[in-house]
Protein chains: 2
Amino acid sequence: MPPKGTYINLPAAKQARILTAAVREFAENGYRRASLNTMVKELGIAKGSLYQYFVNKEGLFLYVFDRFTDLVKEMLASQVKNGPSANFFTQIQEALWAGIRFIDSQPDFYRIYLRVLFEEEVPQRRALLGKVRLFSMEYFGGLCAQAQAGGIIRQDLPCPMVVFLVESVLDRFLQAYASPDHDTGLGLATLSAGDRELAVVQIIDVLKSGLSPLRA
Amino acid sequence: MPPKGTYINLPAAKQARILTAAVREFAENGYRRASLNTMVKELGIAKGSLYQYFVNKEGLFLYVFDRFTDLVKEMLASQVKNGPSANFFTQIQEALWAGIRFIDSQPDFYRIYLRVLFEEEVPQRRALLGKVRLFSMEYFGGLCAQAQAGGIIRQDLPCPMVVFLVESVLDRFLQAYASPDHDTGLGLATLSAGDRELAVVQIIDVLKSGLSPLRA
DNA sequence: TCCTGATGTGACCGGGTGGTCATATTAGGA
DNA sequence: TCCTAATATGACCACCCGGTCACATCAGGA
């Protein structure tokens, strides 16, 4: 259910306005509660027009999520380009910083991602999550295999377990950073840049100690 | 907004039936989308009756969540009783097992908790989460302070950071266990009891290596 | 038995939703 | 300039929601 030709033919500026309004509405309310009436009122266009651009609410949402995956793909690509052979732990530290930058630059897109992650009534939820997970499994899974081969991390842990542990901590950190509601005690939102950097370093350090090969 | 006297006067069996139906409806649909119409149809009572028992939808929901916190309190109490002075890492391992048992015995209550955690339109969300967080901060925070004093874990990490790391991993594990949608690769739902135990042990082991004092 | 207060009932209300469609407006080639 | 096809419009529809309330039913003391 891609956007209709009518939407594609729109001037880029108007496309962007519509996308932005949709992203905000979905970010603030989730899929179900997001209101097309509110969106068109805010945009100053008729509801019928929206249906000239997209087949229905679901089509609009899928378009929005597609733009999100595009952004993630971009981010990962530049990530891979920057440090393909760096140490495992500096790589995941960089991934964490990349996540922070993403949230800073696209907070509403990140909120939509969280909505999809935790609301069950999102259309095609499984497929959407699958797409994103594929990125992250490929990325972290690849790093893990490489690091185990190089003796950087313990070899007695299956890669899915390593990925699980790394993702747990990184995701949770980003969730706390993005929304204070999920911050259970770090107070990330009000931390100074220096203290935030310290927190990042500490987290990576603990993962390093935890995942490095056991000393004899 | 506690239940009205009318509800309290109901035979215990009928109270239980209503509670169970409400828990299921909220677990399956979250607060907003949960339908009182569906509930009363399933219960075979009139909608007006529901409003004799509870002031409104919010009152019913708060009652349900209160029962959840009761269950959690119970669980924590028996946890503290069983092993007050055991090693930090065996304590958090036990906490993880307790979480697994809770999900096994009360899956719908756990789903409601996740809903509250990740849906923003839940009434009094902050207060509800605060209650639960208090339990966990007190429990894990206390364990951390004790463990740092005893030299069991690194003393250069602030306790909130330790709690954050432990909770990240434990919570994520339980989420994956409770709903395969959140399982990114461990396949917890289909693991044999033995493999699941192995996973638990590995996770605690990594946390142990990560949080133990650094060797000189 | 009858009366009264508590409890049970479901038709109904206002409001919001996603989606439709007959009609008005516009753009641009003939 | 005029005609036509593409686009814009918003009143309208059916549906579902939480919540209300006038009324039916019931329980049990007088």
Side-chain angles (χ1 to χ4, degrees), chain A residues 1-19 21-22 24-26 28-65 115 119-125, chain B residues 1-19 21-22 24-26 28-65 115 119-125:
Chain A
M1 289 153 63
K4 296 183 180 176
T6 325
Y7 176 78
I8 307 295
N9 292 339
L10 249 31
K14 189 165 185 180
Q15 283 187 36
R17 274 190 63 228
I18 293 172
L19 176 60
R24 179 161 61 235
E25 182 68 12
F26 283 124
E28 283 176 1
N29 303 103
Y31 176 76
R32 195 88 187 190
R33 208 161 78 98
S35 158
L36 301 185
N37 291 331
T38 303
M39 281 187 42
V40 296
K41 205 177 300 172
E42 194 178 307
L43 282 166
I45 65 174
K47 180 146 53 148
S49 297
L50 208 52
Y51 279 84
Q52 302 260 27
Y53 306 146
F54 300 92
V55 288
N56 54 21
K57 189 183 189 180
E58 180 174 341
L60 170 57
F61 179 74
L62 295 179
Y63 172 70
V64 166
F65 198 86
R115 294 280 194 180
E119 287 178 10
E120 297 182 10
E121 61 258 31
V122 175
Q124 308 198 26
R125 179 164 169 265
Chain B
M1 290 153 59
K4 297 184 181 175
T6 326
Y7 176 78
I8 307 295
N9 292 338
L10 248 32
K14 190 165 186 181
Q15 284 187 34
R17 274 189 64 225
I18 292 172
L19 176 60
R24 179 162 61 237
E25 181 69 13
F26 283 124
E28 283 175 4
N29 302 103
Y31 177 76
R32 195 89 186 189
R33 207 162 78 98
S35 159
L36 301 185
N37 291 331
T38 303
M39 281 186 42
V40 296
K41 206 178 299 172
E42 194 179 307
L43 282 167
I45 66 174
K47 181 148 49 151
S49 297
L50 208 52
Y51 280 85
Q52 303 259 25
Y53 306 147
F54 301 92
V55 289
N56 54 21
K57 190 183 189 180
E58 181 175 343
L60 171 57
F61 179 74
L62 294 180
Y63 172 70
V64 166
F65 198 86
R115 295 280 194 180
E119 288 178 11
E120 296 183 10
E121 63 257 30
V122 175
Q124 309 199 25
R125 178 163 170 266

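Letters A, B, ... mirror the listed sequences (proteins, then strands); counts begin at 1.
- You'll find the side chain of A:M1 stays beyond 4.5 Å of the side chain of A:F54, heavy atoms only.
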Using a cut-off of 4.0 Å between protein heavy atoms and nucleotide atoms, how would you tag nucleotides 9-21 of chain C 5' to 3' with B, S and -? BB------SBBBB
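- Ionic pairing of B:R125 and B:E119 is not present here: no N-O contact between side-chain nitrogen and carboxylate oxygen is shorter than 4.0 angstrom.
- Between the CG atom of A:L10 and the P atom of D:dA6 there is a distance of 16 Å, rounded to whole Å.
- What separates CD of B:E25 from C1' of D:dC16 is a distance of 13 Å, to the nearest Å.
- One atom, CG of B:N9, and another, C1' of D:dC26, lie 15 Å apart when rounded to the nearest Å.
- Base pairing in DNA chain D yields stems of at least 3 consecutive Watson-Crick or G-U pairs, both distances under 3.5 Å, namely C:1-30 with D:1-30.
- Counting heavy atoms from C-beta on, the side chains of B:L10 and B:I18 come closer than 4.5 Å.
- For the ring pair (Phe, Tyr, Trp, His ring centres under 6.0 Å) test, residues two or more places apart in sequence or in another chain that qualify with B:F65 are B:F68.
- Atoms CE (B:M39) and P (D:dC16) sit 18 Å apart, rounded to a whole Å.
- Within the structure, every pair that satisfies the side chain to side chain donor-acceptor pair (under 3.5 Å) test and touches residues 2-13 of chain A, not counting sequence neighbours, is listed here: A:Y7-A:Y63.
- Here A:T38 pairs with A:S35 under the side-chain hydrogen bond (donor to acceptor under 3.5 Å, both in side chains) rule; sequence neighbours left out.
- One atom, CZ of B:F54, and another, P of D:dG19, lie 13 Å apart when rounded to the nearest Å.
- A salt bridge does not link B:R32 to B:E25: none of the charged side-chain nitrogens sits closer than 4.0 Å to a carboxylate oxygen.
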Tell me which donor-acceptor pairs under 3.5 Å the side chains of residues 40-53 of chain A have, and how far apart each pair is, sequence neighbours excluded?
residue	atom	partner	partner atom	Å
A:E42	OE2	A:R24	NE	3.4
A:E42	OE2	A:R24	NH2	2.1
A:K47	NZ	A:N37	OD1	2.9

